[in-house]
There are 2 protein chains.
Amino acid sequence: MTKARTHVLEAITQAKEPVSARQLCEKFQSDYDPATIYRALHYLEGKDRLDSFILHCSEHGTERYYVLRSNEHRHWFHCERCHRFTDLGLCRFDDLVAQMSAEKGLAITSHTFYATGICPECRQKI
Amino acid sequence: MTKARTHVLEAITQAKEPVSARQLCEKFQSDYDPATIYRALHYLEGKDRLDSFILHCSEHGTERYYVLRSNEHRHWFHCERCHRFTDLGLCRFDDLVAQMSAEKGLAITSHTFYATGICPECRQKI
DNA sequence: TTTTAACTTGCGAATCACTTGCAAATTACG
DNA sequence: CGTAATTTGCAAGTGATTCGCAAGTTAAAA
Ligand SMILES: [Mn+2]
Ligand SMILES: [Mn+2]
Ligand SMILES: [Zn+2]
Ligand SMILES: [Zn+2]
């Protein structure tokens with residue numbers, strides 16, 4: 001683990017919500033080149049230390065977000081007003097996914113889920 | 001409905017799986033400019049005639065895929081070998097989504113789900 | 001410890017999927 | 001028709017991400 005990779009992994013570990021490559025590039029803009037950040041993310045995802053998903057929001061456009069990988073994966077809610085994520089807890093879709101997989105004879109190796117809307121804090125402010 | 005918009009909507013109606021903007025640009029490359037295709041897609045999605053989701057695959061990169069919108073939305077499986085979609089049927093996540101929404105006090109207005117892996121046809125070929 | 005091979009990084013250019021400005025072409029409508 | 005509103009093509013612009021390559025580091029061999 002090089003210094004750049006360690007720093008990227010630490011930043012994602014400390015963040016309590018998914019972090020985009022762009023956010024990491026901003027955070028480390030005086031330390032590492034964006035190409036290095038992107039390469040570190042690929043490296044870490046290849047080593048199964050990170051999971052990622054792509055999400056589009058009006059404010060930030062289409063970006064890939066990264067979270068620590070653990071055995072028990074979780075899903076996220078994205079607020080369309082404040083653009084923060086809320087943890088939806090551990091995945092509860094395993095049974096349904098297994099059911100769909102069986103029905104169609106598919107070998108499902110992964111799934112992506114996220115919800116969007118307005119978070120409680122933003123709803124209050126309306 | 002202009003001619004371009006009609007043609008785009010027809011193409012998506014006839015396709016029995018999600019269609020990417022790029023596929024439509026290729027299909028209509030002698031008829032319409034890509035900008036027109038993209039604008040037609042935005043128009044149709046704004047008029048609630050289309051739904052879309054973003055998916056990344058190794059072969060085609062990150063693209064937005066479009067399907068006809070109906071009251072009952074459905075979810076899709078994407079084969080990482082042949083890059084075709086399989087219909088997973090109508091959404092079965094409503095209860096779980098309502099549950100997550102209630103637990104966190106979120107106003108969930110939409111969710112995205114898709115699964116990836118290998119389809120039966122491709123599995124046979126191995 | 002020097003030698004050498006392997007890997008990592010920064011920088012600049014390139015890609016790729018869109019998006020936008022603007023003038024020309026269509027369409028809507030009084 | 002005659003004019004206003006909308007749509008389209010073309011070319012240029014964006015923004016996220018990727019790539020080539022030479023320089024910097026690290027690791028392994030001798
Ligand atoms: Mn899950
Ligand atoms: Mn659903
Ligand atoms: Zn919010
Ligand atoms: Zn397949």
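Naming convention: chains lettered A, B, ... in sequence-line order (proteins, then strands); numbering from 1 in each chain.
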For this session: Provide, to the nearest angstrom, the distance between the OH atom belonging to A:Tyr43 and the C1' atom belonging to D:dT26.
Result: 13 Å
Exercise. Rounded to whole angstroms, how far apart are CZ on A:Phe28 and P on C:dG10?
Worked result: 12 Å
Exercise. A:Arg22 has a side chain; which of D:dA16, D:dT17, C:dC18 sits nearest to it?
Worked result: D:dA16
Seminar exercise, completed: 5'-most contact on DNA chain D (nearest-nucleotide basis), B:Asp31 vs B:His56, goes to B:Asp31
Exercise. Looking at side-chain heavy atoms only, is the closest gap between A:Met100 and B:His75 below 4.5 Å?
Worked result: no
Exercise. How close or far is atom C1' of D:dT26 from atom CZ of A:Arg5, stated in whole angstroms?
Worked result: 12 Å
For this session: Taking only the side-chain nitrogens and oxygens of A:Tyr38, find out if one of them lies under 4.0 Å from OP1 or OP2 of D:dT17.
Result: yes
Problem set entry | side-chain N/O A:Thr2 vs D:dT26 OP1/OP2, d < 4.0 Å | no
Seminar exercise, completed: Winner on side-chain proximity to B:Asp33, out of D:dG9, C:dA17, D:dT17, is D:dG9
For this session: Give the ring-plane orientation class for B:His42 versus B:Tyr38, where under 30° counts as parallel, over 60° as perpendicular and anything between as tilted.
Result: tilted
Exercise. Between D:dT8, C:dT9, D:dT17, which one does the side chain of A:Ala4 approach most closely?
Worked result: C:dT9
Exercise. Taking atom P of C:dT8 as reference, at what distance in whole Å does atom CD1 of A:Ile37 sit?
Worked result: 15 Å
Exercise. Rounded to the Å, how far apart are A:Arg39 CZ and D:dC19 C1'?
Worked result: 8 Å
Seminar exercise, completed: Atom CE of B:Met1 and atom P of C:dA28 are separated, to the nearest Å, by 13 Å
Exercise. Can you find a heavy atom in the side chain of A:Lys125 that is under 4.5 Å from one in the side chain of A:Cys82?
Worked result: no
Exercise. A:Leu44 and A:Arg5: which non-hydrogen atoms are nearest, and at how many Å?
Worked result: CD1-O, 3.8 Å
Exercise. Can you tell me how far C1' of D:dG15 sits from CD of A:Glu26, to the nearest Å?
Worked result: 13 Å
Seminar exercise, completed: Side-chain contact check for B:Arg64: nearest option of D:dT7, C:dG10, C:dC18 is C:dC18
Seminar exercise, completed: Looking only at C:dC11, D:dT17, D:dT8, the nucleotide nearest the A:Ala35 side chain is C:dC11
Exercise. Rounded to the Å, how far apart are B:Ile54 CD1 and C:dC16 P?
Worked result: 18 Å
Problem set entry | Shortest side-chain distance from A:Glu63, nucleotide among C:dT9, D:dT8, D:dA16 | D:dA16
Exercise. Base, sugar-phosphate alone, or nothing: which one does B:His42 contact when heavy atoms must sit under 4.0 Å apart?
Worked result: sugar-phosphate
Exercise. Is it true that a side-chain atom of A:Glu17 and a backbone atom of A:Phe85 form a donor plus acceptor pair closer than 3.5 Å?
Worked result: yes
